[in-house]
**Q** 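One structure follows; several queries about it will come next.
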Amino acid sequence: MALIAALLPDHSDRDNLAAAVRPNNIEWARDWRDLDRLVRLTPVRVAIVDLHAESRKDGVLRVLRLSQRFPLTPILVWGDPDGRDLYRLGKAGAADVIFSRDAGDRQLVTELLESALIDPLVPALDERLRGRISEAARSLVCEAAARIPEHVQVPDLADTFRISVSTLERRCEHWGLPTPGRLLLWLRVLHGLRWLQEPGRSVESVAVQLGYSSGAAFRRAIKATVGGRPTPLRTPRGIDRAMDLFLAEIPGDGAYRRVSTLG
Amino acid sequence: MARYDRIAPLPSPPRDRAIPAWPVLRDLEGRERDTDLARRVRLRFLALRPVRRLATRGIERVPAPSFHRQVEAVRAELGALPANDPERSRLARFLHQIGTRTPLAVTAATLDMGEVLEEGGHLYGAEEFYRTALQLAEAYGLTPQRVIAHRLLGRVLRALRRWPEATESYRVAVELSRTLDDAEQWCRSMDGLAAAYREEGRFDDARRVYGELLDRGQDRSDALSTATALAGLCRTELDAGDPDRAVELGWLVLPRTVDAEQRHLVLRTLGLALTKLGLYTAAERCHGIVTERTAVPATRVQAMLDLARVAAYVGRSDLAGDRLRRAIAEAGRHGLGRLLGQAEELLSDLERGAAGERVTAPVAASPSEQTRRIAAEIEALDTTLVPASG
């Protein structure tokens with residue numbers, strides 16, 4: 001699955017980026033229009049752009065437009081912007097800059113990408129689940145949430161923890177979590193609702209990103225979890241409501257809660 | 001390049017959502033086409049990024065070779081400034097100091113660099129350097145540096161007229177210095193807190209803080225606290241609209257000042273108060289002494305501006321113009337951007353013959369008998385009685 005969409009015409013820049021991340025995690029864009037399409041249609045977590053990718057186009061203005069359409073997708077700028085462009089990039093909503101001089105430093109590039117790749121849904125879930133379920137149960141939910149963009153399925157999740165699907169189901173029951181299938185359904189919906197906060201994304205494109213066969217299938221998933229249609233949920237309040245409903249389905253591990261209360 | 005930039009008028013992002021170290025670039029605000037400044041702010045931004053990296057990830061988690069490569073890449077860009085440019089050597093020294101990678105040295109170097117920027121009137125840059133230093137000091141438990149960072153941050157926030165943030169920063173500095181039992185830092189933090197209140201127009205709060213400082217000074221026979229409190233009260237009374245009381249307090253504190261720069265500060269306040277009362281000869285004497293005696297370029301330029309104003313008020317426009325031109329040259333030589341701007345505006349008003357409040361004498365209040373007596377003593381003041389600084 002593509003996690004990074006990059007608009008880097010220069011081959012040495014591409015090589016440097018590919019050296020810092022797994023090459024199969026990068027989707028190369030041909031131009032600004034193609035970059036927009038990639039972010040809209042694939043589960044892109046970060047966009048990386050060269051301001052001079054297209055001649056006679058104000059790269060900073062393109063960054064602004066991209067950030068307005070996809071405000072939750074960090075945009076990293078690659079190159080050597082001058083002082084004025086750096087100032088404008090900050091206002092245009094760029095997340096960070098990878099300077100050409102630093103591009104050969106794999107460690108530094110990886111660090112910059114890592115901080116941009118942090119999925120805010122995972123720490124938010126972790127925070128809300130703290131004290132409600134055991135640490136092991138939380139780590140299962142967070143792992144599952146982090147891998148939703150990769151279209152993780154129940155057997156993949158079981159493999160990650162080196163247990164069988166049946167054991168995973170038993171553990172979920174013991175920890176007071178929904179069944180693994182229902183858990184992934186919820187996490188897909190929460191991810192989808194987060195992506196839907198971005199004006200540049202449609203229900204159909206988010207459905208594709210989540211691995212649904214169509215927009216209608218994603219709508220059905222929303223109906224089966226949060227209830228209702230996706231449009232009224234395209235606000236921060238909508239995602240909060242969905243999170244509350246998700247937590248309401250997690251009774252938690254009784255023993256753990258008793259210990260927490262006593263402790 | 002588009003003739004009308006659609007991006008520059010956009011609001012600035014909050015610090016926690018901006019590119020790391022980006023606030024340094026905000027000194028370009030309103031001067032986006034100033035190529036020299038753009039070059040400078042870019043270098044400051046690049047220089048601060050390695051420190052931001054250490055502060056965010058932790059020194060132990062940043063591999064030394066990668067860090068040194070990043071620093072070297074910035075050093076290689078210093079050639080964008082002329083060889084004799086003071087900022088170039090200052091940045092080179094900063095990069096050398098952070099190369100040590102010890103929390104104390106990096107924090108101290110970042111605070112120093114922030115002060116350099118603040119002196120040049122680049123307040124956003126200074127604020128960002130101070131905030132980064134503070135982040136490091138907090139991460140590594142460097143409480144004395146936290147006090148200094150909070151105090152300096154308070155000062156720059158005062159200059160940016162962000163009063164609630166400034167007072168909060170000073171309050172933290174006061175509390176921390178109290179826990180450290182560091183009398184000097186406590187006194188300076190209290191002075192800053194009161195100054196923030198005063199500049200915000202909360203004169204009673206300012207008097208209360210100075211009162212506390214004065215009590216402590218008298219209880220412990222602490223000359224610094226006593227003098228700082230009296231000097232601050234003098235300025236507070238001036239700003240609160242009681243120049244007679246300011247003159248009285250200023251005259252009282254002058255012989256008790258603990259160092260030359262504090263003495264010059266009091267003399268300046270006295271000069272301003274006397275100007276408000278129309279006692280121009282005595283005012284000129286005060287500002288003249290500061291101009292001759294101070295070793296601090298910013299204080300000297302400020303005094304030259306004050307002298308120029310007095311000359312303008314008494315109708316000696318030629319003399320005022322000469323003084324301003326000298327002030328401009330001096331400010332330019334030392335890179336004092338804020339004062340340079342003030343001097344240029346004042347000169348421009350003077351040359352246009354404008355009757356703005358900057359060059360027209362305010363309506364003088366009638367001085368009290370005691371103030372007249374003090375003014376006479378100041379006019380007769382022998383400069384040998386006012387020691388030079390340094």
Side-chain angles (χ1 to χ4, degrees), chain A residues 16 19-20 46 48-49 51-52 55-68 71-116 118 120, chain B residues 1-2 5-15 17-46 49-50 52-54 56-57 61-77 80 124 128:
Chain A
N16 282 330
V46 177
I48 299 181
V49 299
L51 292 184
H52 306 294
S55 58
R56 285 180 301 181
K57 282 192 176 166
D58 181 354
V60 184
L61 197 57
R62 303 280 148 172
V63 170
L64 173 68
R65 289 192 186 141
L66 197 67
S67 74
Q68 284 173 337
L72 302 176
T73 305
I75 303 168
L76 297 185
V77 173
W78 191 289
D80 277 312
D82 62 18
R84 179 173 177 263
D85 273 348
L86 282 170
Y87 171 69
R88 294 170 76 233
L89 277 171
K91 290 203 163 192
D96 212 331
V97 183
I98 298 172
F99 287 90
S100 300
R101 282 176 191 275
D102 298 331
D105 185 343
R106 193 169 157 181
Q107 169 73 29
L108 180 55
V109 175
T110 308
E111 280 175 24
L112 292 171
L113 281 170
E114 264 174 17
S115 45
I118 293 169
Chain B
M1 191 189 303
D5 189 359
R6 270 172 276 184
I7 292 173
L10 292 173
S12 296
R15 183 174 186 261
R17 287 171 55 194
I19 296 171
W22 182 82
V24 166
L25 299 156
R26 284 191 67 189
D27 284 320
L28 208 50
E29 217 160 63
R31 298 169 65 184
E32 292 87 4
R33 283 167 199 278
D34 182 336
T35 48
D36 178 59
L37 183 59
R39 219 177 356 252
R40 287 172 193 280
V41 294
R42 181 175 187 273
L43 286 172
R44 294 168 195 165
F45 167 79
L46 291 176
R49 279 170 69 89
R52 272 299 296 263
R53 189 177 172 200
L54 296 180
T56 309
R57 295 187 70 84
R61 293 189 58 220
V62 176
S66 171
F67 177 79
H68 289 304
R69 264 198 304 276
Q70 190 183 12
V71 170
E72 282 313 308
V74 183
R75 202 191 304 278
E77 298 225 9
Y124 290 114
E128 186 57 23

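Throughout, protein chains are lettered first and strands after them, A, B, ... in sequence-line order, and every chain is numbered starting at 1.
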**Q** Taking the side chain as every heavy atom from C-beta outward, state whether Thr35(B) and Arg84(A) have any atom pair closer than 4.5 Å.
**A**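 No, every pair of side-chain atoms sits at 4.5 Å or beyond.
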**Q** Under a 4.5 Å heavy-atom cut-off, does chain A meet the side chain of Glu29(B), its backbone, both or neither?
**A**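 Looking at Glu29(B), backbone and side chain both touch chain A.
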**Q** Are side-chain heavy atoms of Asp105(A) and Gln70(B) found at a separation under 4.5 Å?
**A**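 Sidechains of Gln70(B) and Asp105(A): no contact.
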**Q** What part of Phe67(B) lies closer than 4.5 angstrom to a heavy atom of chain A: side chain, backbone, both or neither?
**A**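 No part of Phe67(B) comes within 4.5 Å of chain A.
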**Q** Does any heavy atom of chain A fall under 4.5 Å from the side chain of Arg57(B), the backbone, both, or neither of them?
**A**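 The side chain, not the backbone.
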**Q** Under the rule for side chain to side chain contact (heavy atoms under 4.5 Å, CB included), what residues qualify as partners of His52(A), not counting sequence neighbours?
**A**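 Result, side chain to side chain contact (heavy atoms under 4.5 Å, CB included) vs His52(A): Asp50(A).
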**Q** Examine whether an atom of Ala94(A) lies under 4.5 Å from a heavy atom of chain B, and if so say whether it belongs to the side chain, the backbone or both; otherwise answer neither.
**A**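 Interface part for Ala94(A): both.
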**Q** Sort out for me which of Arg56(A), Arg88(A), Lys91(A), Gln107(A) touches chain B most, counting heavy-atom pairs under 4.5 Å.
**A**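 Result: the option with the highest number of such pairs is Lys91(A).
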**Q** Evaluate the side-chain contact (heavy atoms from CB on, under 4.5 Å) criterion for residues Leu10(B) and Leu64(A): first the C-alpha distance (whole Å), next the side-chain angles of each, then the deciding distance (0.1 Å), finally the verdict.
**A** CA-CA 10 Å; Leu10(B) 292 173; Leu64(A) 173 68; 3.6 Å; yes
**Q** Start with the C-alpha distance between Arg101(A) and Glu77(B), add both sets of side-chain angles, then the distance that settles salt bridge (charged side-chain N to carboxylate O under 4.0 Å, His left out), and finish with yes or no.
**A** CA-CA 10 Å; Arg101(A) 282 176 191 275; Glu77(B) 298 225 9; 2.9 Å; yes
**Q** Rounded to the nearest 0.5 Å, what separation is found between the OG atom of Ser66(B) and the CD atom of Glu111(A)?
**A**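 Nearest 0.5 Å value for the OG-CD distance: 6.0 Å.
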**Q** Which heavy atom of Pro13(B) sits nearest a heavy atom of Gly90(A), and at what distance?
**A**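 Minimum heavy-atom separation between Pro13(B) and Gly90(A): CG-O, 3.4 Å.
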**Q** Counting heavy-atom pairs under 4.5 Å to chain B, which of Leu61(A), Val60(A), Val77(A) comes out on top?
**A**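 Top count of heavy-atom pairs under 4.5 Å with chain B: Leu61(A).
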**Q** Check whether any side-chain heavy atom of Arg42(B) sits under 4.5 Å from a side-chain heavy atom of Asp85(A), and report yes or no.
**A**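 Side chain of Arg42(B) against side chain of Asp85(A), heavy atoms only: no contact under 4.5 Å found.
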**Q** Are the side chains of Tyr87(A) and Ile7(B) in touch, meaning some heavy atoms are under 4.5 Å apart?
**A**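 Side chain of Tyr87(A) against side chain of Ile7(B), heavy atoms only: no contact under 4.5 Å found.
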**Q** Side chain from CB out, backbone as N, CA, C, O: work out which of these in Arg49(B) comes under 4.5 Å of a heavy atom of chain A, or both, or neither.
**A**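 The answer is the side chain of Arg49(B).
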**Q** Among Thr56(B), Val74(B), Val41(B), Leu28(B), which residue forms the greatest number of heavy-atom pairs with chain A at distances under 4.5 Å?
**A**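 It is Leu28(B).
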**Q** Give the member of Arg69(B), Arg61(B), Glu72(B), Arg53(B) that has the highest number of heavy-atom pairs under 4.5 Å with chain A.
**A**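 Between Arg69(B), Arg61(B), Glu72(B), Arg53(B), the count favours Arg53(B).
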**Q** Side chain, backbone, both or neither: which part of Leu37(B) has an atom under 4.5 Å from a heavy atom of chain A?
**A**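 Interface part for Leu37(B): neither.
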**Q** Using only atom types and a distance under 3.5 Å, with no angle test, would you say the side chain of Trp22(B) pairs donor to acceptor with the backbone of Asp96(A)?
**A**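 No, the answer is negative, given that no donor and acceptor are paired below the 3.5 Å cut-off.
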**Q** For Arg106(A), is the CZ atom crowded, meaning more than 12 foreign heavy atoms sit under 6.0 Å from it?
**A**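 Not buried by this count: 12 neighbours or fewer within 6.0 Å.
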